A.B. asks: 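I am attaching a structure below and will ask some questions about it afterwards.
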2 protein chains.
Amino acid sequence: MSRRIPASTIRRLSHYLRSLEDIEGEGRETVSSEELADRGQTTAAQVRKDLSHFGSFGKRGLGYRVEELRGRLRQILGVDRVWRVALIGAGRIGSALFEYPAFELRGYECVAIVDADPEKIGATWGALRIRPPEEIESLIDTLGIELVILAVPAQAAQQITDRAVHAGIKGILNFAPIRLKVPAHLAVEDVNLVMQLEALSFAITQRGSGD
Amino acid sequence: MSRRIPASTIRRLSHYLRSLEDIEGEGRETVSSEELADRGQTTAAQVRKDLSHFGSFGKRGLGYRVEELRGRLRQILGVDRVWRVALIGAGRIGSALFEYPAFELRGYECVAIVDADPEKIGATWGALRIRPPEEIESLIDTLGIELVILAVPAQAAQQITDRAVHAGIKGILNFAPIRLKVPAHLAVEDVNLVMQLEALSFAITQRGSGD
DNA sequence: TAGATTTTGTGACGTTTTTCACAAGTGGCG
DNA sequence: CGCCACTTGTGAAAAACGTCACAAAATCTA
Ligand SMILES: NC(=O)c1ccc[n+]([C@@H]2O[C@H](COP(=O)([O-])OP(=O)(O)OC[C@H]3O[C@@H](n4cnc5c(N)ncnc54)[C@H](O)[C@@H]3O)[C@@H](O)[C@H]2O)c1
Ligand SMILES: NC(=O)c1ccc[n+]([C@@H]2O[C@H](COP(=O)([O-])OP(=O)(O)OC[C@H]3O[C@@H](n4cnc5c(N)ncnc54)[C@H](O)[C@@H]3O)[C@@H](O)[C@H]2O)c1
C-alpha cells in the first residue's frame, strides 16, 4: 500500500489484466501469482509485490479470484469506465488508429476527429464528421473529452497541444516525434517508433561486438 | 565504459541523437551536457553518465562537438548503416508505417512487403510488390533482411515470427498485442498502444484520488 | 481435529539506476 | 604566464527497483 508506483509496475498491471481476460475466457475461476508471472515474463514475487502496492486481493493457499482481480485491476488502471477521446490528425496513422477496435473494447471511445485539411473537414468516418481545428476547444468542452490522440505532423503538435491543454484535457497519446511542453500535472505518453527501432539496432549491434 | 547498459540509457541516447540533429540544424558547433539535458527531460549528470558508458567524447570546459557526438551516437545505436527491413502485414497500420518517411531517413529501408490476403498479393506499393507469406524465408535470405516489422493480427503473429526467426532475422518490431516467444538472443520491441492509454488513465485517475 | 499442502503478503536484502559532488582538463583573457 | 570561468568524467552516496525467504492464512485429507 505505497504512494509512488513505478512505471514498470503499471506496464505489468496492464499485462496482468490482459492475462486475466484470457484466463477468464478459458473458464478458470482462480489463478496464482505464479501463473500470472509465467504469462507475463516476470516472477511470482514481482506479481505479488506489484499488487501489494494497491492492497491484498488474494487468498492464501488459493490464489486470486480471476473475476475479482480483473475488476480490481480495471479500477486501479482507471479502465472501469469510458474515456472520451479526441483524435487530432486524420492522416495515415490517425486513420489506422481510428479503425483499430482494441481501443473501444478497452473503454477508449473516440468522440471527435479533428483535421486541418479542407479536403478532409466535413468527411464522415463511422458516425463522426471531421471537424476543423478551430473547434478543438468547444469539442473538448461540450463532449467532455479528457484524452487526446495526437497524430499531426511534428510542427503542428505543440500548438494543438497548447489549445487542448487550455481546454482542459488530462492526457495525451502523442505520435509526433517531439517532446511536448505541457504543465507538470498533465499525463503524456509518447509513441516513438524510430526510438524503438534504434533500440533494436543497438541490441543487435551490441550483441555482435560485445561478447 | 561498462558492459550492461540500461534500457533507459538507450532511450535517452535516441533523444540525444535527435537533439543533436536539431542543434546541428541550428548551426551550432558545440553543446554542453546541460543543454542536452534540458532538451531531453533529464539532468546533465545523467547525460554524462549515459555517455560515459561508451567512452569520453567531450572536452572539459567546452562541451561536446555536435557533429562528432552525433556520429558517435549513430555508431553506438547502430544507425550508421542501412538496415534492411521486411514489413509483414500490409493492413491499416502496415500501410501507415510503409508511408512513414522517418524510418528510411534513419536508415531503416523496407525492402519487402508480405501479406496473406490474395487480394493484396501482387499489388505494388512504391517500388515493391506485395509477396505471399510462403516467400518469407526466401525473401529474408536473398535480400539480407535483418529486421521485421510485424503488423499482422495477433493470431498470426507467432507463426510468422517462428518462420522469420528460423530464416535468420535478428530483431522484431511487434505491433501484435501478444508476447512473442523467441530465442533468448533475439531482440523484440513491442508497440502496445492500449498499454500506453492505460498508463494515461492510471496517471489521471491516480492524480485525482491520490493527493 | 490434526497435519500436510498450497500460496499469499511483506520485511529484509541485493542489485541497478540515478543523483551528487568535485578533481581535473580546457580555453580565454589580462 | 597565471588566473578565471566553464564543463567534463567519475567515484561515492542515495534512491529506486527487484528478489528472496518465510510467517501466516487458507484449503484439503483422512
Ligand atoms: N505514419 C506513421 O506510421 C507514423 C508512425 C509514427 C509516428 N507518426 C507521426 O504521426 C504524425 C502523423 O503522421 P502521419 O503519417 O499520419 O501524417 P499524415 O500527413 O498522413 O497525417 C497528418 C494529418 O494531420 C493533419 N494536420 C496537419 N496540421 C494539422 C493541424 N494543425 N490540426 C489538425 N490536423 C492537422 C493533416 O491534414 C493530416 O491529415 C506525425 O507526427 C508522424 O511523425 C507517424
Ligand atoms: N490499426 C492500429 O491502429 C493498430 C495499432 C496498434 C496495433 N495494431 C496491431 O497491428 C496488427 C495489425 O493491425 P491492423 O489494424 O493493421 O489490421 P489489418 O487487419 O488492417 O491488417 C492486418 C494485415 O495482415 C494480413 N495478414 C493476416 N494474416 C497474415 C499472415 N499470416 N501473414 C501475412 N499477413 C497476414 C492481413 O491480410 C491484413 O492485410 C494487429 O495485431 C493489431 O492488433 C494495430
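Everything numeric here is computed off the predicted structure, so don't read it as measured data.
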A.B. asks: Assuming nearest nucleotide by heavy-atom distance, tell me which of S8(B) and K59(A) is located more 5' along DNA chain C.
C.D. replies: K59(A)
A.B. asks: Would you check if there is a donor-acceptor pair between the side chains of D50(A) and Q46(A) at a distance under 3.5 Å?
C.D. replies: yes
A.B. asks: Rounded to whole Å, how long is the line connecting atom CD1 of I10(B) with atom C1' of dT17(C)?
C.D. replies: 14 Å
A.B. asks: Atom CD of E34(A) to atom P of dT8(C): distance rounded to whole Å?
C.D. replies: 9 Å
A.B. asks: Within the structure provided, determine whether V194(A) and S14(B) are in side-chain contact (heavy-atom separation under 4.5 Å).
C.D. replies: no
A.B. asks: Counting C-beta onward and ignoring hydrogens, is there a side-chain heavy-atom pair between E35(B) and I23(B) closer than 4.5 Å?
C.D. replies: yes
A.B. asks: Between T9(A) and V31(B), which residue's closest nucleotide on DNA chain D lies nearer the 5′ terminus?
C.D. replies: V31(B)
A.B. asks: Under 4.5 Å between any side-chain heavy atoms of L173(B) and L147(B), yes or no?
C.D. replies: no
A.B. asks: Assess the residue pair Q196(A) and N192(A) against the criterion (side-chain hydrogen bond (donor to acceptor under 3.5 Å, both in side chains)); give the C-alpha distance rounded to whole Å, side-chain angles, the decisive distance to 0.1 Å, and a yes or no.
C.D. replies: CA-CA 7 Å; Q196(A) 294 198 276; N192(A) 195 324; over 6 Å; no
A.B. asks: In whole Å, what is the span from the CZ atom of R60(B) to the C1' atom of dG25(C)?
C.D. replies: 5 Å
A.B. asks: On a heavy-atom basis, which atom in V152(A) and which in I88(A) lie closest, and how many Å separate them?
C.D. replies: CG1-O, 3.5 Å
A.B. asks: Quickly work out the H53(A) NE2 to dT8(C) C1' distance and round it to whole Å.
C.D. replies: 16 Å
A.B. asks: Write down the distance between CZ (R65(B)) and C1' (dG27(C)), rounded to a whole number of angstrom.
C.D. replies: 15 Å
A.B. asks: According to the ring-ring contact (aromatic ring centres under 6.0 Å, His included) rule, which pairs have a member within residues 86-107 of chain B, sequence neighbours left out?
C.D. replies: F98(B)-W125(B), Y100(B)-F103(B)
A.B. asks: Provide the start and end nucleotides, 5' to 3', of the part of DNA chain D that has atoms under 4.0 Å from heavy atoms of chain B.
C.D. replies: dC6(D) to dA12(D)
A.B. asks: So does E146(A) pair up with R81(A), basic N to acidic O under 4.0 Å?
C.D. replies: yes
A.B. asks: Find which nucleotide of DNA chain D each of F57(B) and A7(A) is nearest to by heavy atoms, and output the residue with the more 5' nucleotide.
C.D. replies: F57(B)
A.B. asks: Find the distance L62(A):CG to dT5(C):P and express it as a whole number of Å.
C.D. replies: 17 Å
A.B. asks: Charged N to carboxylate O under 4.0 angstrom, E198(A) versus R18(B)?
C.D. replies: no
A.B. asks: CG of D50(A) versus P of dT8(C): gap in Å, rounded?
C.D. replies: 13 Å
A.B. asks: When you measure from the side-chain N and O atoms of Y64(A) to the phosphate of dG9(C), is any distance below 4.0 Å, counting only OP1 and OP2?
C.D. replies: yes
A.B. asks: For residues 42-49 of chain A, which residues have at least one heavy atom under 4.0 Å from DNA chain C?
C.D. replies: R48(A), K49(A)
